[in-house]
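Here the structure is laid out as structure tokens; the discussion comes afterwards.
As the structure is a prediction and not an experimental result, all values here were calculated from the model.
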Amino acid sequence: MSNVSYNLLVKSIGRAAFGYAVAAFAVIGITLVYRALLNVNPTTVALTFLVGVLAVSATWGLRHAVLMAVTATLAFNYYFLPPIGTFTISDPQNWVALFAFLITAVIASELSERAQREARNAHERRREVEHLYAFSQQLLSSENVAELLNLIPGYVVESFAVKAAAVSLANRADVYRSQPANDGLEIHDLQLTCMRAEPKIDTQGNVAFVPLRMGVRVVGSLGISGAIPSRQTLDAMSSLIAVAVERAGTIERLGRAEAARESEQLRSVLLDSVTHEFRTPLTAIKASVSTLLGSSGLDGGQRQDLLTVIDEESDRLNRLVGEAAEMAQLEADKVELELEPHQIRQAVEEVVEESKQILGHHPVEVRVPAGLPPARMDLERIKEVLRHLLENAAKYSPAEAPIHVTGEVKNGMLTTSIADRGSGIDDFELPLVFEKFYRGHNHRFQVQGTGMGLAIAKAIVEAHGGRIGVTSQLGHGSVFYFTLPAA
């Protein structure tokens with residue numbers, strides 16, 4: 001630090017000396033030009049000296065301009081006012097002209113210095129406003145209070161070129177710093193500033209503490225060491241930080257409230273879905289068992305039918321419970337994928353063969369070229385995705401309507417599509433069909449299901465690094481597709 005200060009001092013002295021030399025040489029140069037080369041009247045000489053004084057004032061400041069004004073006055077008197085070659089003045093009017101020149105030069109220099117000073121102040125204010133704007137934009141980078149508080153000291157150092165910064169909140173015990181605690185910003189001073197709600201600025205120690213005000217309420221304090229900004233900038237910084245912290249806290253509270261609301265809504269939807277879907281097979285099982293227990297005159301065929309109902313509905317219940325458990329595992333990232341290169345055509349053909357009972361009388365046309373590259377996949381999980389999509393196509397398509405399965409490679413991704421001839425999906429429902437428990441408003445009471453199949457398919461595909469989507473046209477059907485990275 002001492003070497004830097006010494007170098008700055010040397011540069012400042014050198015610049016001042018150069019300015020004085022320029023002022024002296026300017027007077028000498030003007031004098032020589034008008035004495036040796038040009039024959040002009042004293043008024044022209046005086047105006048030329050005045051222009052030189054203004055130029056020096058605009059470049060080096062008032063002190064240099066005053067020196068030049070005095071030197072120019074002496075040269076003007078000695079070389080251009082009669083009697084020439086002496087410092088005496090024969091005509092009293094020339095005394096008036098001489099003093100008028102000197103006063104004009106000094107006043108003009110002062111005005112030029114003042115204009116320069118105001119221009120510098122305006123430039124500094126503009127820079128401070130720019131820094132405050134950039135600082136305010138940085139404060140919007142996080143909506144988490146703890147994360148924001150850890151970032152704020154670094155933002156202060158970066159935006160205002162200070163040595164260190166620290167932030168303390170009234171409702172938090174921690175102090176958030178831009179560097180380790182040996183920065184001169186003691187926690188005692190931060191707490192005292194917060195309690196007193198008054199700034200503490202030590203210009204000699206190069207530290208400042210200001211309260212963080214949210215209106216009339218003090219929410220914390222800010223400490224800065226190094227080059228202290230102006231008081232107005234400090235106040236603006238403290239207000240911006242207070243507003244940013246309050247904003248982040250409000251967003252967190254709103255987020256928690258929204259999460260609680262969505263959780264409550266999800267519980268209601270889940271309860272409604274589970275109640276409806278579980279009640280149907282349970283009712284069938286209960287009715288079949290009651291009939292078996294209460295009717296002794298049933299023949300063998302009737303008993304077999306009732307037992308078949310019990311078996312099928314038990315399988316349905318087991319499937320519902322399995323889907324719910326699988327969805328929970330996928331969301332918790334507790335499913336480990338066994339990724340190996342497989343042909344998608346193999347998965348499609350196996351699923352079509354295994355799903356004949358679900359597909360019923362729907363013909364399935366498979367157009368997956370045999371030459372497609374393999375994809376790294378968990379074969380059983382991808383088969384589950386295909387099974388859900390085929391079942392979905394069969395459920396929502398008219399009886400015996402064909403289902404088309406196609407495959408192609410685009411931009412290094414293997415795309416598999418399942419097209420049906422159903423009634424289609426409204427545009428407003430397209431973003432919702434992959435949400436848990438969501439079922440189309442026109443089919444939720446007509447087609448059995450829990451609304452978890454597409455959500456499970458989406459989770460499996462995304463776990464493979466792919467994407468799933470749907471395009472649809474009302475009255476013409478839908479095309480569900482998913483992508484997998486080609487091996």
Side-chain angles (χ1 to χ4, degrees), residues 312 315-397 402-410 412-420 422 433-434 436 447-470 478-487:
E312 290 178 351
D315 289 341
R316 183 180 172 190
L317 271 177
N318 185 56
R319 181 181 176 187
L320 291 173
V321 174
E323 286 183 349
E326 183 179 14
M327 191 72 244
Q329 289 179 337
L330 287 169
E331 288 187 334
D333 293 329
K334 293 183 178 180
V335 176
E336 294 184 4
L337 301 178
E338 298 179 3
L339 299 176
E340 295 180 0
H342 291 284
Q343 293 286 344
I344 192 65
R345 184 182 179 89
Q346 172 191 355
V348 171
E349 291 176 346
E350 291 181 6
V351 171
V352 171
E353 182 65 27
E354 295 168 1
S355 303
K356 286 184 175 179
Q357 183 176 356
I358 296 174
L359 294 172
H361 298 290
H362 293 280
V364 179
E365 181 182 352
V366 178
R367 289 183 291 181
V368 180
L372 289 179
R376 284 182 56 80
M377 66 176 81
D378 185 320
L379 183 60
E380 293 304 318
R381 293 291 180 182
I382 295 301
K383 286 171 62 177
E384 185 177 357
V385 171
L386 290 166
R387 191 176 297 111
H388 282 302
L389 296 180
L390 286 172
E391 180 181 357
N392 194 70
K395 280 183 179 181
Y396 295 99
S397 296
I403 298 172
H404 300 277
V405 182
T406 59
E408 59 181 337
V409 175
K410 291 182 180 179
M413 300 294 288
L414 181 64
T415 302
T416 307
S417 304
I418 293 90
D420 61 51
V433 295
F434 294 102
K436 296 189 298 292
V447 180
Q448 292 182 352
T450 60
M452 287 190 290
L454 292 179
I456 292 174
K458 180 175 184 288
I460 292 174
V461 171
E462 290 181 349
H464 281 74
R467 187 174 67 89
I468 193 168
V470 58
S478 304
V479 178
F480 286 84
Y481 62 89
F482 66 92
T483 63
L484 295 172

Worksheet item: Between Asp420 and Ser397, which heavy-atom pair has the shortest distance, and what is it?
Response: CB-OG, 3.2 Å
Discussion item. Counting C-beta onward and ignoring hydrogens, is there a side-chain heavy-atom pair between Thr415 and Phe482 closer than 4.5 Å?
Written reply: no
Item to complete: Any chance you could lay out the side-chain contact (heavy atoms from CB on, under 4.5 Å) test for Leu372 and Arg345, step after step, and finish with the verdict?
Response: CA-CA 9 Å; Leu372 289 179; Arg345 184 182 179 89; over 6 Å; no
Discussion item. Tell me whether the count of non-hydrogen atoms from other residues, nucleotides or ligands lying under 6.0 Å of NZ in Lys383 goes above 12.
Written reply: yes
Worksheet item: Is Glu391 salt-bridged to Arg387, going by a charged N under 4.0 Å from an acidic O?
Response: no
Discussion item. Would you compute the distance between atom CD1 of Ile460 and atom CG of Asp378 and round it to the nearest 0.5 angstrom?
Written reply: 8.5 Å
Worksheet item: Between Glu380 and Glu338, does a side-chain contact (heavy atoms from CB on, under 4.5 Å) hold up when you go through it step by step?
Response: CA-CA 9 Å; Glu380 293 304 318; Glu338 298 179 3; over 6 Å; no
Practice prompt. Search all heavy atoms of Ile403 against all heavy atoms of His362 and return the closest pair with its distance.
Written response: CD1-CB, 4.0 Å
Worksheet item: Would you say the side chain of Leu359 lies within less than 4.5 Å of the side chain of Leu390, judging by non-hydrogen atoms?
Response: yes
Worksheet entry | Contact check, side chains of Val405 and Val364, non-hydrogen atoms, under 4.5 Å | yes
Fill in: Student check: side-chain heavy atoms of Thr416 and Thr406 closer than 4.5 Å
no
Worksheet entry | Pair Lys356 + Glu354: basic N to acidic O under 4.0 Å | no
Discussion item. For a 4.5 angstrom cut-off between non-hydrogen side-chain atoms, does Arg467 reach Met413?
Written reply: no
Worksheet item: Given side chains that start at C-beta, do those of Val470 and Phe434 come closer than 4.5 Å, heavy atoms only?
Response: yes
Practice prompt. Please name the pair of heavy atoms, one in Gly407 and one in Val368, separated by the smallest distance, quoted to 0.1 Å.
Written response: N-CG2, 3.9 Å
Worksheet entry | Distance in Å, Ile418 CD1 paired with Tyr481 OH, rounded so as to fall on 0.5 Å steps | 12.0 Å
Discussion item. To the nearest 0.5 Å, what is the distance between OG on Ser417 and CZ on Arg367?
Written reply: 10.5 Å
Item to complete: Measure across Ile468 and Val461 and return the closest heavy-atom pair with its distance rounded to 0.1 Å.
Response: N-CG1, 4.1 Å
Discussion item. Are the side chains of Leu454 and His388 in contact, using a 4.5 Å heavy-atom criterion?
Written reply: no
Item to complete: Can you see which heavy atom on Leu484 is nearest to which on Ala375, and at what distance?
Response: CB-CB, 4.2 Å
Fill in: Leu414 vs Glu408 side-chain heavy atoms within contact, under 4.5 Å
no
Fill in: Pairwise distance CG(Leu337) to CZ(Arg376) - rounded to 0.5 angstrom
10.5 Å
Worksheet item: Which residue, Met377, His342, Gln346, forms the side-chain contact (heavy atoms from CB on, under 4.5 Å) with Ile382?
Response: Met377
